[in-house]
Colleague: 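The structure that follows is given in the form of structure tokens.
Throughout, a chain's letter reflects where its sequence line sits, starting with A, and its residues are numbered from 1. The figures here come from the full heavy-atom set of this structure, side chains too, leaving out hydrogens, waters and symmetry mates.
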2 protein chains.
Amino acid sequence: MLPQRRQKILAAIVEQYIETGEPVGSKALQSIAGLDVSSATIRNEMAELTAQGFITQPHTSAGRVPTQAGYRYYVDNLMKPAELEENERRRIESGLDYRSGDPEQLLQAAGETLVDFTNFAAISTTPSDEHAFIKNIEMVPVSPKMAMIVLLTSTGILKSKACRTDVPITADLQDAFSDIVRKNFFGTPLSDVNTVMIQTLVASLGAKALSMSPLLVTISDLVEAASVSEVNLSGQSNLLGYKEYNDNAGQLLDFLHKEEPLGMLVSGSGDSDSDIEIRIGSENRYKELENSSMIISKYKIGDNATGAIGIIGPTRMNYSKLVPSIKYLTDIISKFLSDVYEEESSSGEEDS
Amino acid sequence: MLPQRRQKILAAIVEQYIETGEPVGSKALQSIAGLDVSSATIRNEMAELTAQGFITQPHTSAGRVPTQAGYRYYVDNLMKPAELEENERRRIESGLDYRSGDPEQLLQAAGETLVDFTNFAAISTTPSDEHAFIKNIEMVPVSPKMAMIVLLTSTGILKSKACRTDVPITADLQDAFSDIVRKNFFGTPLSDVNTVMIQTLVASLGAKALSMSPLLVTISDLVEAASVSEVNLSGQSNLLGYKEYNDNAGQLLDFLHKEEPLGMLVSGSGDSDSDIEIRIGSENRYKELENSSMIISKYKIGDNATGAIGIIGPTRMNYSKLVPSIKYLTDIISKFLSDVYEEESSSGEEDS
DNA sequence: ATTAGCACTCGGGACTAATGAGTGCTAAAA
DNA sequence: TTTTAGCACTCATTAGTCCCGAGTGCTAAT
């Protein structure tokens, strides 16, 4: 634990640097930190902080800049989360519009809101619920040998896909299909639908197997698509403006562009004790992010489904202001989604 | 019309500049242009070309660079579209995968292909067909007071939206709904569905009006969504690499980010005599694009539906190579989509 | 009409000098 | 023992200067 005064100085350095982006020197600190000591004393403390690895100087004759460890210490011990102002609250709320009832849209909107609000890039995932089950499957004929299959899950995710069949689609076929679907899929957890399950089912169909097979494979595809939580990134171009990325912003954008690691980004470390996670610089496991920080917050729907939303920006970001904003946004999302979830859960299995 | 030799020189300048990005001088041209004249003669011609506004020099002691007018003249009169090599063909083809039957996906894939192939940004629109009509509308109950409405158009576009109802959804309601839908919407051109039409319909329902209203409004929304051709942009981050955008790439990306003008970009000038359109620098109506060129190609499905696909990049792009590539890609798209269209058109109105 | 020759221009790189913010250290003061 | 004043030192940054060389435009000869 750092001595009181040194903490104060570190906090002042971090906050000042976050605000101005310039290395901060001992003189400047004198007035900012509210300490009644001379700049020389502060310099001594700063030398200590430097030795301990919390701050560093870009070059000999410059002020100090927080290191990653410095940010970490600040975030863990010194930072006082700011109170959200009323107009900020409103701003966050007004960005979210949840009439549509579609979780994917809500998360998208939440991302956009964060982008507007923070001027960073935002990342969000649609809820993934290991206990989600199939609510409904519909087949909509499109042409003699083509149909749309529509899948709806208990979490409100809707997926659809076109499917070409080998044989013409007749009324009989449709009836048979909805029969099979009703018996085998309704209420089935998404995780239970896999290739083996589909093949076993096809095998059991006997004569109908040939005509049904493509349709069932399509169902499998849809379930797959619905299981994977979608990762959404927006506001990347905001990052271009920050001088810390300067010339190699392209690299970062390219990295963010290929979706694969994004899921990893938010899934992150398993310590679910805290609902908000701050990752600074190389704490992100990717070297492309070594100059970036993420603030990731998990939302919950009921007890099972979870997802995450957060931001990506330069390590020099206003943590104390951003954390409460993201927390607030997450709360709203959780509430919205839980409402719908409740509604749906209570609906039972009524059919027409 | 420029004299033969001057044309040759202009072409050489444009091509050389496109290749190297460096201003090209008289000496260099001597060997490139294949002219057996001295550099002094070439200088005289260059002076003429400069006077005519086709080329310019960045500073007094530098070589020449094509002006916008220079590119234009080159593109209109001098450029010989390159033959596509076999492996380039394959590369384009392999990027497109049209098993899914979903036009939106195909266009998306086409965009990605262009991005990979050209290293520029790609833009594409989904087909818009003024004669498109409603093929099917389904209602899928989700919870007591909530349903998914799914719309399918004759062009294969599928849209869905959640809808909250004021009264619980009963089997009766569902039957009534599909009855109304069948009678009033099936086969209706998208353009015929509008607020007035919906209101008239609601008014005619009498007692059922209250329960149906939200559902019908949702249909209206869906039709709206299906009518508007979606604009897709990808590969923006590629543009960061080009030094012509240097420091203000952010501006361009921001511009491309807000979707609104994108539709305008591709809809463009009405001269439909040529299926491929090249817009150089300020020929694009937006000042953010004054250093960019677009190559836009229109695809057709049957006789009605059209859309566009193209690229955006710095004016210094290899027009003679890109034009045939994009043309080829467009041909493939047209073919793919037309195939499905035929299939669907021939399907008639069979119902289950 | 073409060409050789030449003076001229000017961006960019290399080098130098001056500036000044900020430091670390030392020795005196509290 | 802690704090402070003072001072020499470092080094990024900026401005100034010089020089090089690619490329030009012009003129006079072919």
Colleague: Is a salt bridge present between B/Arg89 and B/Glu85, judged by a nitrogen-to-oxygen distance below 4.0 Å?
Modeller: no
Colleague: Could you check how far CD1 of B/Ile9 sits from P of C/dT2, rounded to whole Å?
Modeller: 10 Å
Colleague: Between A/Glu88 and A/Arg90, is there a side-chain N and carboxylate O pair less than 4.0 Å apart?
Modeller: no
Colleague: Among D/dT4, D/dA12, C/dG24, which nucleotide sits nearest the side chain of A/His59?
Modeller: D/dA12
Colleague: Rounded to whole angstroms, how far apart are CE on B/Met46 and C1' on D/dT24?
Modeller: 9 Å
Colleague: Between C/dT9, C/dG5, D/dC7, which nucleotide has the shortest distance from any of its atoms to the side chain of A/Arg43?
Modeller: D/dC7
Colleague: Donor-acceptor pair, A/Ser39 side chain versus A/Ser26 backbone, under 3.5 Å?
Modeller: no
Colleague: Of all the choices, D/dT3, D/dT24, D/dT10, which nucleotide is nearest to the side chain of A/Ser61 once you look at every atom?
Modeller: D/dT10
Colleague: Whole Å only: how far is the CD1 atom of B/Ile55 from the C1' atom of D/dG25?
Modeller: 14 Å
Colleague: Would you mind checking if A/Arg72 and A/Asp76 are paired as a salt bridge, meaning a charged N to carboxylate O distance below 4.0 Å?
Modeller: yes
Colleague: Give the rounded distance in Å between these two atoms: CD of A/Glu45 and P of C/dG22.
Modeller: 19 Å
Colleague: Taking atom types as modelled and ignoring hydrogens, do the side chains of B/Asn318 and B/Ser320 form a donor-acceptor contact shorter than 3.5 angstrom?
Modeller: yes
Colleague: Tell me whether the centres of the aromatic rings in B/Tyr242 and B/Phe120 are closer together than 6.0 Å.
Modeller: yes
Colleague: Rounded to whole Å, how long is the line connecting atom CZ of A/Arg64 with atom P of D/dC11?
Modeller: 14 Å
Colleague: What about the rings of B/Tyr74 and B/Tyr319, do their centers lie closer together than 6.0 Å?
Modeller: no
Colleague: Without swapping roles, check the side chain of B/Asn284 against the backbone of B/Glu290 for a donor-acceptor pair under 3.5 Å.
Modeller: no
Colleague: Applying salt bridge (charged side-chain N to carboxylate O under 4.0 Å, His left out) to A/Arg279 and A/Glu277, what does each step give before you reach the verdict?
Modeller: CA-CA 6 Å; A/Arg279 298 202 211 120; A/Glu277 192 182 343; 2.8 Å; yes
Colleague: From the set C/dT3, D/dG25, D/dT4, return the single nucleotide nearest to any side-chain atom of B/Asn44.
Modeller: C/dT3
Colleague: Please work out if A/Ala62 contacts a base, only the sugar-phosphate, or nothing of the nucleic acid, heavy-atom cut-off 4.0 Å.
Modeller: sugar-phosphate
Colleague: CD1 of B/Ile13 versus C1' of D/dT24: gap in Å, rounded?
Modeller: 13 Å
Colleague: Measure from CD on A/Glu48 to P on C/dT23 and round the result to the nearest Å.
Modeller: 15 Å
Colleague: Could you identify which residues of residues 21-36 of chain A place a heavy atom less than 4.0 Å from some atom of DNA chain C, listed by residue number, or say none?
Modeller: A/Gly25, A/Ser26
Colleague: For the side chain of A/Val37, counting heavy atoms from C-beta on, which of C/dG24, D/dA22, D/dT4 is nearest?
Modeller: D/dT4
Colleague: Report the residue from A/Val65, A/Ile32, A/Ile55 that forms a side-chain contact (heavy atoms from CB on, under 4.5 Å) with A/Ile13.
Modeller: A/Ile55
Colleague: From the list D/dT10, C/dC10, D/dA5, which nucleotide is the closest neighbour of the side chain of A/Thr60?
Modeller: D/dT10
Colleague: Quick check for you: among C/dT3, D/dT10, C/dT23, whose closest atom lies nearest to any side-chain atom of B/Thr41?
Modeller: C/dT3
Colleague: May I ask you to list the residues of residues 1-8 of chain A, by number, that have any heavy atom positioned under 4.0 Å from an atom of DNA chain C?
Modeller: none
